Amino acid sequence: MRFSQFPLNTLKEVPADAEIVSHQLMLRAGLIRKLASGLYNWMPLGVRVLHKVERIIREEMNRAGALELLMPAVQPAELWQESGRWQQYGPELLRVNDRHQREFCVGPTHEEVITDIARRELRSYRQLPVNYYQIQTKFRDEIRPRFGVMRSREFIMKDAYSFHLNQESMAETYQVMHDTYSRIFTRLGLEFRAVQADSGNIGGSESQEFHVLADSGEDAIAFSDGDAYAANVEVAPAKGPVDPRPAPTSELEKVATPEVRSIDQLCAFLKIGPQQCLKTLLVEGQDGNLVALALRGDHQLSATKAEKIPGVASPLCMATPERVLEVAGCEPGFIGPVGLACSLIVDYSAANMANFVCGGNEKDAHMTGVNWERDIAEPQVADLREVVEGDPSPSGTGTLHIARGIEVGHIFQLGRKYSEAMGAKVVDEQGHEVEMYMGCYGIGVTRVVAAAIEQNNDDKGIIWPDAIAPFQVILIPMNPAKSQRVREESERLYREFTEAGLEVLLDDRDARPGVKFADAELIGIPHRIVIGERGLDAGKLEYRHRRSETNEDVAMEKIVQFIMDRTTRD
RNA sequence: CGGGGCAUGGCGCAGUCUGGUAGCGCAUCUGCUUUGGGAGCAGAGGGUCGGCGGUUCGAAUCCGUCUGCCCCGACCA
């Protein structure tokens, strides 16, 4: 490709609404352009990257025996009503009517459609197991799209669905997909981790997420330093303290705490640590009454854990200030469990506190010297909090560390949730009809591109991993307009590289060297070759890898082989 | 959906408080010079100041309203 024939507007300035580095660089390098909130055009340079990611995914899925198909983006409401998700799925599901007022949705995922395919096509256990996949556009009407294509409303996903006679077969394919995903992300050149996860509203039991490690990641993941244990902090079990609860030593006392609402303010006001404070959160219960959840001041509530507790509404819903006033008699910020007239569930760590501080259930008041059993009835305990750095590993070996990650893949063992709801059955060896077991496996293709940049960049721009670079090599002729030699050599090299099967970008623009260097670095081409009079006199070319700070001279006749040796061929 | 903010040429912004000539940098086009790290000079094009309504002799500026976008909280590939 010649740069002169490739309209690419790189930006020097950072667009104002781009917050994270991958979003900024994707805009600056001209990979994407925004059309509307959560909707992006993929420009030619970006599509080259996207297609490379897709190719690797296809190759590995095919290698794993999965079968590619393609389902419509628009799906009839009837299927979603059958599975029950027409009601369950909130406004995130984009619903549309056709000209006959029939209801449809733009698919956020394809369990319903694939299960419909399976119940029509699969008759016998002899046809199982089967694993179908597609690479296709999804739409989720996110409340708050952000970070460019990292969390957009329309995005491209590789989704796969497997069907099985029994649980063992499902578990087997799940493992195959786990290994396949590991191969895919390895080939993509990403640093990643597979972690235990919540299955969310897709349903099912066993589930793991694949995270690309990056400080800007929206998820926190916990991993043990003692063994291979790794989990999303939402689900990693937090063990209770092993030591018995200390005995009460202080008297219960109400203290005036004017305008002290947060744990931080309380600690500053009373000159204590957050682990001596108890925070009480009121959430909606299943029966219309509020439920109080209590945690130690330095811990965070895990919404995922909380909404699984019987009696707590799912999805989790914090009580409104009006409801808080009704039940606790005060505004949020002063709630405490002493004399609170609703059911109370306490985190293990919080239940082990003694002589602690909590809200006084009246404005500008807190209680100090509070103790369970003596001042409040022995509470119901549960695991409510997110694990923190230094917690013991749930695996029993090592302690947990926290890292941030971007979720790029998720695999589930669904079981029979959809096959039962939609009657997807096959005949087994005994001639009986049985519902099939299902697994499902997703990769956010567009998100992978953003995650790769998030993990591979510097102050000059993107640094593409070889496997997904839009071009492998960039040729930069110095002042071609002035030097016929430089022009001819560049053209010759361009032909040779092309014939050798390498993807090469020739910067034949009549631009100053600085402009070309800056663009080459911004768009992140891994291998750069400079052709200038200076080197040609000595029969040499200048080579520099995008990650390197220095040039390397390479003899003209060896350059193609030199690059071939340095590019990933697969 | 709740809270906060923004909307002025393709991009980044000033001007709004205190009403009166739309301005700067980048980008684009032309010419000349320049050419190993985002060039210099000279010139040019491009904006109904988000929409609608109001106040006023006069509105980017004041008032009302609508729309769009961004940021902070509950989701997920």
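Owing to the predicted nature of the structure, the values given are computational and were not obtained by experimental measurement. Order of the sequence lines fixes the chain letters, A, B, ..., with proteins taken first and strands second; residue numbering starts at 1 for each chain.
The shortest distance between the side-chain N/O atoms of T446(A) and the OP1/OP2 oxygens of A77(B) is not below 4.0 Å. Put simply, R512(A) has a side-chain N or O that comes within less than 4.0 Å of OP1 or OP2 on A39(B). Between K482(A) and U35(B) there is a side-chain N or O to OP1 or OP2 distance below 4.0 Å. Residue K516(A) places no side-chain N or O under 4.0 Å from the OP1 or OP2 atom of G37(B).
Taking the side chain of A518(A) as heavy atoms from C-beta on, and the options C69(B), C76(B), G38(B), the nearest nucleotide is G38(B). Of the candidates G73(B), G36(B), G37(B), G37(B) carries the atom nearest the E521(A) side chain, counting heavy atoms from C-beta on. Comparing atom distances between the V515(A) side chain and each of G12(B), A39(B), G36(B) picks out A39(B) as nearest. Side-chain atoms of S37(A) lie closest to C70(B) of the nucleotides G38(B), C70(B), C72(B). Among the nucleotides A77(B), G36(B), G38(B), the one closest to the side chain of E542(A) is G36(B).
Of the residues in residues 174-182 of chain A, none has a non-hydrogen atom less than 4.0 angstrom from any atom of RNA chain B.
Residues F210(A) and R193(A) fail the side-chain proximity criterion, which asks for heavy atoms closer than 4.5 Å.
No donor-acceptor contact under 3.5 Å links the side chain of R144(A) to the base of G2(B). Contact of D219(A) with C76(B) (side chain to base): a donor-acceptor pair of N or O atoms is detected under 3.5 Å. With hydrogens and angles left out, the side chain of N479(A) and the base of G36(B) share no donor-acceptor pair within 3.5 Å.
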Please assess E234(A) against S302(A) for the test side chain to side chain donor-acceptor pair (under 3.5 Å), listing each intermediate value before the final yes or no. CA-CA 6 Å; E234(A) 294 178 337; S302(A) 161; over 6 Å; no
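The aromatic rings of F192(A) and F185(A) sit tilted relative to each other, their planes meeting at an angle between 30° and 60°. Taking the six-membered ring where the residue is Trp, F471(A) and F6(A) present perpendicular rings, their angle passing 60° and hence far from 30°. Using cut-offs of 30° and 60° on the angle between ring planes, the pair Y543(A) and F562(A) is perpendicular. The aromatic rings of F412(A) and H410(A) sit parallel to each other, their planes meeting at less than 30°, with 60° as the upper class boundary.
Nucleotides A74(B) and C1(B) place their C1' atoms 10 Å apart, quoted to the nearest Å. Comparing G45(B) with C69(B), their P atoms are spaced 34 Å from each other, to the whole Å.
Both geometric conditions, a ring-centre gap below 5.5 Å and a plane tilt below 30°, are fulfilled for F155(A) over the base of A77(B).
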